[in-house]
Each structure stands twice: as C-alpha cells, then as structure tokens.
Amino acid sequence: MPAERDVRLHMYAQMTRSRYFEEAIKVAYLEGKQPLFNMAKGPIPGEMHLSSGQEPCAVGVCAHLRADDTVTATHRAHHIAIAKGVALNAMTAEIFGKRDGLSGGRGGHMHLFDATVNFCCSGIVAQGMGPAVGAALAAKLMGSDAVAVSFVGEGAANQGAFHESLNLAAVWRAPVIFVIEDNAWGISVSKRASTAVARNSDRAAAYGMPGIFVADNDTDAIYQAAGEAVRRARAGGGPTLIEIETWRLEGHFMGDAEGYRPSGEVAALQARDPLLVYRRRLADIGVSAAELESIECRGRRAVADAIEFARKSDYPGAESAFQTVFS
Amino acid sequence: MPAERDVRLHMYAQMTRSRYFEEAIKVAYLEGKQPLFNMAKGPIPGEMHLSSGQEPCAVGVCAHLRADDTVTATHRAHHIAIAKGVALNAMTAEIFGKRDGLSGGRGGHMHLFDATVNFCCSGIVAQGMGPAVGAALAAKLMGSDAVAVSFVGEGAANQGAFHESLNLAAVWRAPVIFVIEDNAWGISVSKRASTAVARNSDRAAAYGMPGIFVADNDTDAIYQAAGEAVRRARAGGGPTLIEIETWRLEGHFMGDAEGYRPSGEVAALQARDPLLVYRRRLADIGVSAAELESIECRGRRAVADAIEFARKSDYPGAESAFQTVFS
Amino acid sequence: MTAPTAAATTRRLTIAKAMSEAIGLSMNADSKVIVLGEDIGALGGVFGTTQGLLERFGAERVRDTPISETAFIGAAVGLAAAGMRPIVELMFVDFFGVCMDAIYNLAAKQSYFSGGHVRCPMVLMTSVGGGYGDAGQHSQCLYATFAHLPGLKVVMPSNAYDAKGLLLSAIADANPVVFMFHKALQGMGWLGTVPGSIVHVPQEMYEIPIGKAATVRLGSDITLVGLGLTVHLALQAAATLSSEGIEAEVIDLRSISPLDRETIAVSVAKTRRLIVVDDDYRSFGVSAEVIAGACEEGVDWLAAPARITHPDVPIPFSPALEHPLLPSVAKIVKASRVLCAGKVA
Amino acid sequence: MTAPTAAATTRRLTIAKAMSEAIGLSMNADSKVIVLGEDIGALGGVFGTTQGLLERFGAERVRDTPISETAFIGAAVGLAAAGMRPIVELMFVDFFGVCMDAIYNLAAKQSYFSGGHVRCPMVLMTSVGGGYGDAGQHSQCLYATFAHLPGLKVVMPSNAYDAKGLLLSAIADANPVVFMFHKALQGMGWLGTVPGSIVHVPQEMYEIPIGKAATVRLGSDITLVGLGLTVHLALQAAATLSSEGIEAEVIDLRSISPLDRETIAVSVAKTRRLIVVDDDYRSFGVSAEVIAGACEEGVDWLAAPARITHPDVPIPFSPALEHPLLPSVAKIVKASRVLCAGKVA
Ligand SMILES: Cc1ncc(C[n+]2csc(CCOP(=O)(O)OP(=O)(O)O)c2C)c(N)n1
Ligand SMILES: Cc1ncc(C[n+]2csc(CCOP(=O)(O)OP(=O)(O)O)c2C)c(N)n1
Ligand SMILES: [Mg+2]
Ligand SMILES: [Mg+2]
C-alpha cells in the first residue's frame, strides 16, 4: 500500500530539512576556504560529503524505523542521520568540532554516533555492514523485534565486507536490511566501470535473500520496498537487499571539480530533483501550498537554529582529546 | 567431447601418483609423533592437510594447462601441485624442510612455489584468488593466451577476497578460472552451516560470469567443464567459476579426530573413492589390467624416489634463513 | 598477583582449560556473553578455548561462523554496541590482515568516536607464536602490530592462572581487549606445552588486572623482561645464571598495552641492566618500546640494554631454519653474561 | 644525496608532480610498469600521484579499480610474480585493515617462500598524515605498522626531489616497496602544503637509494630525527635553537625500513642528545625503534633521549583537539632546550 498522507508529509519534511541542512553546511564549509580552497581551513575542516539528491533513500527507509532499530551509515550520512532522528543541534555541533557535538568534536562528520537512536557511521567503505548484522543478531538474542539497517553506496558492493556480511546475515537469518544507494559513482569511477552486474540487487540471489531494485529515486516506491523488508525482518523472515537508483547532485566531496563527470549529467538530474518531484506529487494529492510552505519553513528554522547552536558552542578543551579513548 | 584415451590414462596416472604421495607423506608425518602426537616432532613438523579424495579436481582441470599457465592453490595443495607438474623431488624435499626443497625449506607444505610451472599456494583462505586475477591480467597485457586458475575450498567462498576477485576478474575480462573444491567441510564447519546458498556456482551470476557445477567428483565431467572454461579464457571470453563436488577422505589436518563428522560419512565416501571409480571406468573402456598396473607401479616408484630424495637431502644451513627475504 | 608455583597441586589446568572455564563462568553469570568464531562450537576451538561450551550453552550463544572474519568481527562490534558481550576468536593472529579494519578502526575507536556514549565490550581471542614448524603464515606473534594502535588493550598470559584471571578481566572490561594466547603454552596435546604454563587454577572467578606486569623472580643484577613463552625461557635462564652468581629479576609483562612502565622502571632502577626477550619480529616491536621507555626515564645503565628477538625475516618452515631464529635459554644466558661482565670483573 | 635548497630555482615541483613524473618516466622506459588503484585514471589520483598518465598511457596500463583493495593489491602480487611491475595505490594508509594480508602475507613473503625464485617487484603508494581535520580514519600514519613486518621496504620523502628519486628506486626494486607520501607535503592546493617540500627536481631519471637517511642540517649539540612532515618541523626548530646557541643536527630518515641505523649512530655519537619527532602514534612506533636502536649501541647520553609524537589516542576531528596532539616546532624547541640545559649551564 502507498504511504499514508501524514507519512508522506513527514518524509517531505525530513527531505527538505536534510536538503536545507546540506545547503547550510555547504555555505559554512566554504567559509575561510575562499578564494584559495584549503580543506584544513574554515569552521568545518576535513572532507565533506554532501547527500543532496539522495534524500529519498534515507526517508523512505527510516520512516519505518523506531529509535531502538539500529542504522549504520557511511561517509555520506547526513540525510540518513536526520531521517533516523539524530539530534540536529548536537550533530551540527559535532560537524563544527564543538564541545556540544555528539562526541564533543572527537568524531566529526564521518563519525556521527547517537546512542539514543542507535545511529552510527564509519568512513571506511562497507565496514558498517558487519556491525549492522551484529546489531540485528543482538536484537534477536534479546528477544526484541528491532531491526538493523546498513546503508552503503553502490561502490561498496564490490568490497569484501559486503559479501561476507550478506552471507552471514542470511546464515543467521538476522533481521537486517542492506540498502544500497546507487548514485552511479564511487568518487570518479562509474558503477559501470567497476561492477560486473548492472544491478547489485541481483547479487541477493547469491545469499538466498530477496533482492529489490527501486528505480528513479522514487520516495514512495522506496517507502514501500523498505516497508516490506522491515516487516519481514521484524517477523523473523531474515535479511533483504535493496538497491535504490538515486542521484548525487554534488561532487564526491566539497572541492571535487568533477571533471570526470559527463557534462549535462548533473543538470539533467537537477531537473528531476527528488524534492521538486515529491513536492509536485504532494500538491497533486491535494496538499495545499500553505501546508508545504509551513513544512519547508519549519525545516529552514530547525536548520538555522542548529547552525546557530553549533556556532555558539565552544570548542572542546584540549585535555578532552585524552578522554573516552576507553569507556 | 569426452577425454581421449591417453588423456584419461594421464589423469589416472596423476591421480594415483597424488594418492600414493599422500599415503607416503602420512606415514612420514606420523614418524616421531607416536604414541604421543606432537605436531612439532618428526621429519615433517607443523600442520599437514592431505588431499586424498580430491584428486579428480586437480587432474581434471590441470590436464588442460600448460607450464606457462598460472595456478594458485591453498593449504591443501599437494594434488594440484602434482597435477600442475611441480617437480616431485623438490616438492617433497620442501615438505621435509630440506636444502633441496623448492625454496630450501623456507616455505614448507603450505607455501610451495615452483616458478618453472607457475605454481604457488598460500595458507590464508581465499587469498590466492587476487594473485590469480593478476597473473591472468599479466598474460593478457603481454599478449599471451596463457590463463590462470585459482583453486579454493568451498569454505573460501564466504571470504571477502572471493567476491572482490570474481568481480575484478569479470570487470577486467581476465582469463582466469576459479575452481571451488567443495568437500562439504571447512575444518569442522559444514558448508550447509556456513553458506547461504546450496551451490556456490550459482554465485557466478553475481559477476555475470558462467557458473558450472560438477557433481559426484567425476573426473571426466570435471575435465570437460574445465576444458570449456579454459578454451573460453584463452579465446578472450573471460572468467568462469566452477564448483566441484568432491570428498575429503582424511581429517582437515593430520591429527584431526573428526568428532564433528557424522559416523559412516567417510566410510561411505571411501566406498566411492574416485580412484577406484576411475580405475573401473578405464577398465570398462578396455584398458588392460597390465597397463593400469604399470601406471600405478610408475607412480609408486616416483613417489618412493621422491621420499628417498627428500630424506637423503641435507637440512639447510641456519644462515640461509636470512637469505632471499629480498630478491 | 603472581601465579602460584606449579608446586601448588589441587587444580592444575592448561591455559586452554583455564580459558574455557573463564568463558563458561562468564556465560553462566551473564546471558549477554556469547562466543563467535570458526570451529569454536562442536570442535571446541582449534586451540581448545571453548571446550564444552556448545554442549552447555547451545548454538545460539556459541556460534560457529563462516570463514568471514571481517563480517563476524564486525558483527561483534555491533553486538557490543547493542549491549552484548561478544567473545570472538581469530584462529591465528596471522589472519589479522583480512579483518583488521573491524578491529582497529571500528572496535578500537567506537568509544572515542561516540564520546564514550557507545561502548565496545568485546574480547578478541587469538593464537600466536611458532616453533612447531607451521611456517610463515601460521607462526607469527605480531604483538606490536596490535599494541601500536590506540583504543585496544592487549594481553597475553604465561600460565593458566593468569589466563583465567586476565580473560575474566577482559570479558568484564567495557573496552575491546585482544587476548593473545601462545600456542607453545596452550596445553593442546598435539602441540606440546611448556610445563610451567600448567599451574593451579582456583575454581571461582577472579581477575588479574589489565595493565599490571608480574615480577615473577626477584634479582638485583639484571632485569629480564618477557611475555608469554619467553617468560619461561627467562626463568630457566635465571636459574642457570644464579648458579653463576648472577641474580636476574624476571618480569612477565602480561599486558602489552597498556604497558606497565612503572614495574619495569622500578626494576631497571635497581638492576641497571636490561634484556627484553620477545619472539615477535625484532624491529619496531615490543622489545624496542620496553627499551626506549626505560631509556626515556634516564636510567644510568651499567651496560647497554639488549633485546633477544626473532630477527626481521619471515618465519621459515624448516626446523633447521626456524629454531635458530627463536629466543632461547642459551641466548639469554649468553647475553646476560655479557651485560653482567662488569659485575664479575 | 640531500635535497637542494628551495633556492635552486628552475624546476620547482610538488611531491605530487614529482611522483607523477617518476611514474611517467618509468612507464616510458618499461612497458611492464602499470598503475592500479581507485581514481588514479581520469581523476589522476585523489592526491595527484598519477596526473596525466591515463591520457599518455591509456586505460590498459592505467587502471581505475573497483573499491576492492584485497583483490587489486592481490592482483598486483600476481602481476609482479608474472614479471610485470605494478604500481598500486592504497588511497589512505588508514585503509590497510581491509587488505593487509595481500601486503604482508603475500607480497612481503613471495620472495622468501619461493627461495628467491619468484620476485615481487611492486610499489604500494599510500597517503599518510593528518592535521587538516579529516578525523580518526583518514589521518593516521601507521609507519611502524608496516615497518615491523619483514619483507617490505618502507620509504617516505620529505620533499619533491627525494620523492622522485625514492619512487624511481622503488619502481626499479625487485621487492615490494611501500611508498608513503604525507598529505601535508603533497602539494595539492586543496590541502595546503609545507613550502619546503616544493624544491627543484631534475627532468631526468635518478634514484635515491632506499635505506639511506639524509642529514639535512649539521649540528653538534643535539640530533633531531624526523621523517616526512616532521623533518620540516625539526628544521624550523633548529633555526630557532641556533639563535639560542644550540646547534641541532637534523636527520631525515627517508627510509623507515630498512632503517639507516648507521647515520643515526654517527650523529648521536657526536651530539649525545636525541629527540625523535614522529607524527605516528607514540608507543611501539618509529620513535621507540630509533631510540632503542641508539641505546643498544651504548651511547653515553648527556641527557635521556626523548620523543615527540602523536599520543596513544585516536586522531580527533576538532582542530581544537587535533592540533595540540601533533608534533610542533614549539614542542621541539622546548624539548631541545630541556635536553641541552646542561650545555647552557
Ligand atoms: C575501504 C575503502 N576504500 C576506499 C575508500 C575511499 N573512498 C571513500 S568514499 C569512496 C567512494 C564510495 O563510493 P560509494 O560506495 O558509491 O558511495 P558514495 O560516495 O557514492 O556515496 C571511496 C573510494 C574508503 N573510504 N574505504
Ligand atoms: C582467512 C583465514 N581464516 C581462517 C583460516 C583457518 N583455516 C585454514 S583451512 C580452513 C578451512 C578451509 O575450508 P575450505 O576452504 O573448504 O578448504 P578445505 O580445508 O576444505 O580444503 C580454515 C578455517 C585461514 N587459514 N585463513
Ligand atoms: Mg556511489
Ligand atoms: Mg572444504
């Protein structure tokens, strides 16, 4: 069944909030990095991987998740963290390396951990998959119907951890859903050039698990596919692999000149920006312009508040670098 | 087409030689390890993984190979080394840790390297697969029609290197054949308990390459399947995955009590010993008892000579431990 | 803290049995403790670390895994994050190369990346050491490879008493602990065992604190620092040296990381002579850290500190090649005589 | 052997350009040289190590790979065994955990296991170092992690001249060489670069011998040993110290393994004071090996040797946390003053 109206509004709210967030991060990230771009400078140093264009993957899946469900994500995780309900202020402060950040500035944008909603991410491609299988097994052993979801990019589907984790999940019948966000690129290397099959969802057969492909970055279709997978997992039906066709509207990381990308590709994708598409769809089902604008407005405010919170927060004291190495 | 008569006799000769070799190694290995079994003692210390029962996999595939074709094998490699044409005397001396061994006693039974026939093996599960892809690419780049074959056990099909290597081979259209010797066991863990699919050959679809399953440890069927794969590879048709149902007639390693193994399993397999089966088949096509016996006799003599050669060879001088760390 | 001498009779166990016992007691006490690894079920562990556990606790809590170290060690990290206390076995430390990311980038950093909000209470058991002809991919020690990386605790017992106490501490620890056990001390019949590793082990639960070395022999002339197997070599050497009028103090590190620098410093301040005996590769290893750590403190050496280690070459298969490369009682005695020459003179 | 000062004008290149140039020259000279790795084709390497090579040599010899380090580094081992000379890039050294077996159990031991009959002429290029806010999985150095393992040579240049010469030596070597390049010296605009790393680089091919350190500044009071980035910190500190009457000798290791113990020994025999500056984790690292190696030789120290390193904690993201943990000119000056206090007094 298609998503209820309120679920769709919720997903739109999350998508817009996520996009506003990336736009605000983009602005803050570039501060101090112009005219000469130097990754080490400005309020947000280091690499920055934006998720603009991939919001449907995050919201379509996470709309089915509870706080006690686990999500492990990757280097490109802002949209997923927001959809999973990670505290926006603390997450933003973390990205700014501040004391009030999720981990007091120790982790940064590639290492966002929020125990309250069981969210984490790691910067090593595909390495979050094993932990997701473990979290799923933990739920099973503790007699809970919680599930785990591991988000990865299509490039991760060629990493050994992908294979081992899917096999192990299937052998254990673990309640885990593997979600591949196929944005067609692994930095500068195209999926076609790196992957021996057209659809990674076909690889599910190698593990005797259902493999679902969702085309066209379609929020409602993702919601539906994820819903079935999550229900199956909660009911003890074991793991599912879902590959979602999505788009990367930005460079791999901020500062990526994207010389490798066919000219016009990004423009063509922007014309089909999933936020515009979904907004139109909501209007078609009768959601008023006023309602949409108020959703957008709330999102903008939440993001603005988070950025302000992060900027106002102090830097951590140097001594705290030595704390929490061990618990 | 089925194998020519002379090819079949050649395969039978290799199989018997291989079996006699394992029987002789078994005897030598147990010297000094009785009554109290201590792996460190005797003329052959360390782990010993015998291949008895798996000879058809080795001869059926290697019958199609030339000296300039590369083979990478595993911890259980004697049958493959013999089928690939590794010098038996030097190989045996290596297993005895002697100066005349393939590497002067540096490698031992899990690290047999013979550059003259491009054979090597490694003790880390599945790690020989990447090098096989590399050797295949080297042949392609050098304009040769040589191929590479990577032998692994079914347990290796759940290791990340398996997945990465098959995908890379397919993307590169490398002339490599991946051969899985499915003896149903990874030490004490059964294939059923560790593998999410019944047949690893089905996993070939995840890489868009042909996946062939050969049942019943059938030497001629293996020969035929391997022939097609090798011809395809030489012709530029890319990689193939072959899974062969075979039997492990011994423990995982010498000293394995095999308490985990269903009683009667080994006895049942012994009754279908591939050497007996193949000997009968050859008799059926009219190979005389005398001819068979002379083949067996030559094999016994070659093995006896190799063992004697190894025993007579000196131990390497201690100083040689410091040589060939670098070339 | 130090192990009772083998003289104490009643319950003399091998390290393998002591480890199985420690795990069993922990599984009894805490349903969150589970075991994962290759051949740890019906087989009871290739090195006997999980004997009888499958029968007692069942296949839900004692899980044989596929040969997928990256996945099942990664799974242990996720289990630990979710509040379980997984004990995972990496059959041979030599296999770390297929799964190190899960160990050093995930397990080791989970607490730090989360600011202490997500813990990683897991134990990674792994076998180390050679000397029995298993060649270059099944005989390595790699102590420093693990100890160099922050966020991991690394321990190794030299006897069954310490094995049980250290393993119980590791299981109780809120952090990832790499528990190394030396094959030459494990007490598997088929491997042969240094008798000194088989000692009295109390039935009950007890802990040996992680980060504390044990001074297993007192002496005033020279400090011999060892770990695992080399502790026994040092003790035998000390006996010989004593008959020559050289009294060696022998320290069993027990913990490689954190390193008990204080116990070492106190000893070398007294003896002003130091030999580190380490069967890992020589350079960039434990032996260098122990010597450098002592030198930083500004010891007024009576003789330059020395190390007896496996040289910087892969471990060869042939006994004729491997045995001469390993630390030995004779090498320790010889080197100690040289360092103590001044004394005799 | 040592790099010409930046004064030498004509062809001042970044390390990135010098590396691309070295690879291009080798590919011209030898058709067996090929390059494999992630984003080394159209992108020219995330850190600019393969700029222009795809255009010049085509996709057969300059191969973008899937994100499959185990497979493509393993493939490099097979390519090398077959007589090719693969250059493979591991984008960040931090990723070693997913592919170390191919590096340390296959590449490093191929010659030994084969008794020298099968060589492994391959180069593994990998980026190291932090300081730009890339956090705990993209800022590590791990020098000792590689240097501890036999069968590998490990080098790291501090400037473009050495980068080209060391890379040409590595490509010509019959053995696996891990070529580390420090992100703070690479000369990618987007990373910022220590100016001293950009120096004159001759057009032609030349080699810098692997295993030889460079004494880049002569001094009689104290020896400062650095590698990569820390060489530049040591040189700046030496300038300040000189104005205070302390003359520091600065050694650029260039090769981590084999370590040039003789150059270090000669220097400390003269200065009798030693500080090792190393941005890798403190314990069980390069700093410990350099200090222990010197102490073994029996130096009559004027002051206890010291090390300035990244402490044993994961690398934090926030600049407020990371920067204070890194070696700095100020820390070197301060520590040098302490060690030389005796002199001034
Ligand atoms: C094991 C490993 N190899 C390489 C990298 C470097 N790297 C970071 S992101 C990335 C591309 C990942 O592509 P994909 O999985 O499709 O995710 P996307 O960036 O498209 O979201 C690479 C190669 C890494 N972080 N980890
Ligand atoms: C990466 C790795 N993990 C574990 C081992 C220990 N081990 C050696 S052989 C083996 C079983 C291999 O099973 P399979 O691949 O089926 O080969 P077989 O022994 O049946 O021939 C295991 C687990 C290893 N050598 N390497
Ligand atoms: Mg992608
Ligand atoms: Mg098997």
C:Thr271 side chain vs C:Ile222 backbone, donor-acceptor pair below 3.5 Å: no
Top contributor to chain D interface from C:Ile103, C:Asp280, C:Val290, C:Val276 [non-hydrogen pairs under 4.5 Å]: C:Asp280
Atom group of C:Val299 that falls short of 4.5 Å from chain D, counting heavy atoms: neither
Part of D:Leu274 within contact of chain C (heavy atom distance under 4.5 Å): neither
Pick from C:Tyr104, C:Trp301, C:Phe96 with the largest number of heavy-atom pairs that fall under 4.5 Å of chain D: C:Tyr104
Sidechain-backbone polar pair: D:Asp94 side chain, D:His138 backbone, donor-acceptor under 3.5 Å: yes
Chain C interface, residue from D:Leu142, D:Val313, D:Leu259 that has the most non-hydrogen pairs under 4.5 Å: D:Val313
Side chain / backbone / both / neither for D:Pro311 at chain C, heavy atoms under 4.5 Å: neither
Side chain / backbone / both / neither for C:Thr70 at chain D, heavy atoms under 4.5 Å: neither
Minimum-distance pair of heavy atoms, taken over all atoms of D:Ala80 and D:Met122: CB-CB, 4.4 Å
Lys/Arg-Asp/Glu bridge criterion (N-O < 4.0 Å) met for C:Asp173, C:Lys153: yes
Top contributor to chain C contacts, counting heavy-atom pairs under 4.5 Å, from D:Ala135, D:Ser283, D:Ala292: D:Ser283
Max heavy-atom pair count under 4.5 Å with chain D, selected residue of C:Cys99, C:Gly298, C:Ala144: C:Ala144
Cationic N near anionic O, under 4.0 Å, D:Asp300 to D:Arg272: yes
Test item: side-chain donor near acceptor, C:Thr309 and C:Ser287, under 3.5 Å: no
Side chain / backbone / both / neither for C:Tyr281 at chain D, heavy atoms under 4.5 Å: both
Chain D contact via C:Pro258 - side chain, backbone, both or neither, heavy atoms under 4.5 Å: neither
Which of C:Ala288, C:Pro314, C:Gly151 touches chain D most, by non-hydrogen pairs under 4.5 Å: C:Pro314
Ion pair C:Glu289/C:Arg261, N-O distance below 4.0 Å: yes
Among C:Glu297, C:Arg282, C:Gln137, residue most engaged with chain D (heavy-atom pairs, under 4.5 Å): C:Gln137
Test item: side-chain donor near acceptor, D:Asp279 and D:His182, under 3.5 Å: yes
Region of C:Phe113 that comes under 4.5 Å of a non-hydrogen atom in chain D: side chain
Short side-chain donor-acceptor distance under 3.5 Å, D:His148 and C:Asp312: no
